[in-house]
Amino acid sequence: MRTRVSQIASLLAVFAFAAACKPSSPEYKLVEVAAPFPMEPIKEYVFPDRDFPITDYGARPGGKEMNTEAIARAIEACSSAGGGRVIVPKGEWLTGPVHLLSRVNLHLEDGAVLRFTDNPADYLPAVMTTWEGLECYNYSPLIYAFGCQDIAITGTGTLAPIMDTWREWFARPQAHLEALKELYTMASENVPVSARQMAEGENHLRPHLIQFNRCKNVLLDSFKIRESPFWAIHMYLCDGGIVRDLDVKARGHNNDGIDLEMSRNFLVEHCTFDQGDDAVVIKAGRNQDAWRINVPSENIVIRDCDILAGHTLLGIGSEMSAGVRNVLMDHCTAPDSVFRLFFAKTNHRRGGFIEDIWMRNVKAGKMQRVFEVDTDVLYQWRDLVPTYKDSITLIRGLHMDSVYCERTEAIYDLKGDERLPIRDVEIRNVSVGEVTKFVSNVKNAENVVEENVVYRNLTNSTLSR
């Protein structure tokens, strides 16, 4: 009898041990988001209560010793254990690229500063990334994740790259322009991405600060960014994410605040952006690459954000060839100056669509345009490379409501393509303190509704409509 009881007890112990070792199902908080379009709840992963301080894996503070390998060991241990937090304690920590893995929360404690080197060789080998809507292999983003699930960067610490080399790369000399031409040609001719090796010679394609590439269920929460080599935050082909309470400042060349590209189901809230380029941008790839991937950006809400500086409060494009739809910006401010509050931009090479975009409850200072759509935005590419295929963008369902700004050159400026005019634009309840050039310009646009647009003429002369 005792033997029988002992056998049963042993079996129960084995079963209990096996159950303990079996990975538990992921736990998520469901975040409901109100929008004027169907929006499924966003899943916020609940990380296991396990901490992996980088100091336990050999990291040393002070900003002198390289900690790239120590941080990588901590991330690997955390992911292998089933997830948790990789802790960056108070202090300055010099590092090269940080590559996240699934179920890892990189947590920056208060007073922690990750100082990324500006030596390009530290960001090799090249990884699969993008440059302005084109896929390629380039220098690793400073924080990078590829094909990961349930990942985060949290805490009140700071990401602060050393910028000396990257500032030199802000210029676009001939060698850089030739590299852009080469990449554009390879993408247009459908050369495999693995053959598009751009981290060579004097190409000088700067890396993103943060790029999550093909990831799912991501969280960025509460940290600060102080400068960036290129776009500060880039969510590329990501499904589901929350970006909240960030303080982003990057005033250099191409320093967008956050770019959501071919990504869906995102909430951006309570963030501050102080940018040298656009603040919040929705993109969807460029030309042949985007048509091949064919994943639109959709179901994105940006609310309660403050834009201290930037070219555009909300930008759509110009890389948007896979399409952008279902975007809401609500209760945001731009108290000083931006070039434009809302700017949808494309050109005759892009194709795709821009539809069902909403901006409402916005207060702003000075700008050139409150609302603009331009279908002929080519920048340096106009003469740099040829047109491989004409493809006109469908633009419809743009809505602006309850917007106030102090001063603007023009309220709305719609420049459609005669081959496929802009359709169904609503501009309601817009109040402008001073308009200095013209109220509106509408070209190749149908069903444009203006209602309760109030303004004052600074010069007391007749304004054009």
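These values consider heavy atoms only, across backbone and side chains, with no hydrogens, waters or symmetry-generated copies. Note that the coordinates shown come from a computational prediction; the quantities given were computed from them, not determined experimentally. Numbers here simply count residues along the sequence, with the first being 1.
At least one side-chain heavy atom of C305 sits under 4.5 Å from a side-chain heavy atom of V268. Taking 4.5 Å as the limit, every side-chain heavy atom of P141 sits out of range of all side-chain heavy atoms of Y123. Counting heavy atoms from C-beta on, the side chains of Y28 and V46 never come closer than 4.5 Å. Inter-residue side-chain proximity for L100 and L106 is flagged as met; some heavy-atom pair is nearer than 4.5 Å. At least one side-chain heavy atom of P229 sits less than 4.5 Å from a side-chain heavy atom of P161. The shortest side-chain heavy-atom distance between F223 and T158 does not fall under the 4.5 Å cut-off. Residues L398 and V373 form a side-chain contact, since some pair of their non-hydrogen atoms from C-beta on lies under 4.5 Å apart. Looking only at side-chain heavy atoms (C-beta outward), L159 and L142 stay at 4.5 Å or farther from each other.
Applying the side chain to side chain contact (heavy atoms under 4.5 Å, CB included) rule to R292 yields the partners E135, V193, R196, D289; only residues at least two apart in sequence or on another chain are considered. Among residues two or more places apart in sequence or in another chain, the salt bridge (charged side-chain N to carboxylate O under 4.0 Å, His left out) test is passed with K363 by none. Annotation: salt bridge (charged side-chain N to carboxylate O under 4.0 Å, His left out) contacts of D374 (sequence neighbours excluded): K415. By the side chain to side chain donor-acceptor pair (under 3.5 Å) test, N105 pairs with T154, sequence neighbours left out. With sequence neighbours left out, the ring pair (Phe, Tyr, Trp, His ring centres under 6.0 Å) criterion links H348 to no other residue. Not counting sequence neighbours, the partners of D376 by the salt bridge (charged side-chain N to carboxylate O under 4.0 Å, His left out) test are R382. Residues meeting the side chain to side chain contact (heavy atoms under 4.5 Å, CB included) test with A309, sequence neighbours left out: R251, D274. Evaluation of the ring pair (Phe, Tyr, Trp, His ring centres under 6.0 Å) rule for W291 yields no partner, not counting sequence neighbours. Not counting sequence neighbours, the partners of D336 by the side chain to side chain contact (heavy atoms under 4.5 Å, CB included) test are K366.
Under the 6.0 Å distance and 45° angle rule, R340 counts as a cation-pi partner of F343. Cation-pi geometry between R349 and W381 is not met: the NZ or CZ atom fails to fall both under 6.0 Å from the ring centre and inside 45° of the normal.
Between K437 and E409 a salt bridge is recorded (basic side-chain N to carboxylate O distance below 4.0 Å). Using a 4.0 Å cut-off between charged nitrogen and carboxylate oxygen, R244 and D221 count as a salt-bridge pair. A salt bridge between R428 and D401 is absent, with no side-chain N of the basic residue lying under 4.0 Å from a carboxylate O of the acidic one. Checked for salt-bridge contact, K43 and D150 miss the test: no charged N lies under 4.0 Å from a carboxylate O. Salt bridge annotation for R73-E76: absent, with no cationic side-chain nitrogen under 4.0 angstrom from a carboxylate oxygen.
Between Y57 and A70, the shortest heavy-atom distance links the atoms O-CB, 3.3 Å. Closest non-hydrogen pair, A179 versus M198, comes out as O-CE, 3.3 Å. Taking every heavy atom of both residues into account, P89 and I54 meet most closely at CD-CG1, 3.8 Å. Shown here for A81 and F52, the closest heavy-atom pair between the two residues is CB-CZ, 3.8 Å. The nearest pair of heavy atoms linking F353 to A322 is CE2-O, 3.8 Å. Summarising the geometry of R214 relative to C238, their closest heavy-atom pair is N-SG, 4.3 Å, with the distance given to 0.1 Å.
Ring orientation note: the planes of H399 and W358 are close to parallel, at an angle under 30° on the 30°/60° scale.
Aromatic rings of H208 and H234 (six-membered ring for Trp) have centroids within the 6.0 Å cut-off, being under it. Aromatic ring centres of W131 and F230: separated by under 6.0 Å. Under the 6.0 Å cut-off for aromatic ring centres, W169 and Y139 qualify, their centroids lying closer than that.
Checking N265 against N299 by side-chain atom types alone, no donor-acceptor pair falls below 3.5 Å. For the residue pair Q211 / T129, a side-chain donor-acceptor distance below 3.5 Å is found, with atom types taken as modelled. A donor-acceptor contact closer than 3.5 angstrom is absent between the side chains of E372 and T312. Using a 3.5 Å distance cut-off with no hydrogens or angles, the side chains of T333 and D306 do pair a donor with an acceptor. A donor-acceptor pair shorter than 3.5 Å can be found between the side chains of Y379 and K345. N67 and T95 share no side-chain donor-acceptor pair at under 3.5 Å.
Here salt bridge (charged side-chain N to carboxylate O under 4.0 Å, His left out) pairs that include residues 86-112, with residues two or more places apart or in two chains, are E92-R115. For the salt bridge (charged side-chain N to carboxylate O under 4.0 Å, His left out) condition, the pairs that include at least one residue of residues 231-241, sequence neighbours left out, are D239-R264. Applying the ring pair (Phe, Tyr, Trp, His ring centres under 6.0 Å) test to residues at least two apart or on different chains, the pairs with a partner in residues 300-330 are H311-F339.
With R85 contributing its side chain and R50 its backbone, the two residues share no donor-acceptor pair below 3.5 Å.
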Item checked: Full working for salt bridge (charged side-chain N to carboxylate O under 4.0 Å, His left out) between R172 and E132 -> CA-CA 14 Å; R172 287 190 152 172; E132 294 183 341; 3.1 Å; yes
Check: Does the pair T117 and M66 meet the rule for a side-chain contact (heavy atoms from CB on, under 4.5 Å), with working shown?
Finding: CA-CA 9 Å; T117 74; M66 284 288 284; 3.5 Å; yes
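From S102, atom OG reaches atom CG of N217 across 10.0 Å, with rounding to the nearest 0.5 Å. Atom CG of N347 sits about 7.0 Å away from atom CG of N287, to the nearest 0.5 Å. Here OG of S263 is found 9.0 Å from CG of N213. Values are rounded to the nearest 0.5 Å. We find the CD1-CE distance between I300 and M329 to be 11.0 Å, quoted to the nearest 0.5 Å. The distance from the CG atom of D278 to the CG atom of L313 is 10.0 Å, given to the nearest 0.5 Å. Here the CD1 atom belonging to I395 is positioned 6.0 Å from the OG1 atom belonging to T375, to the nearest 0.5 angstrom.
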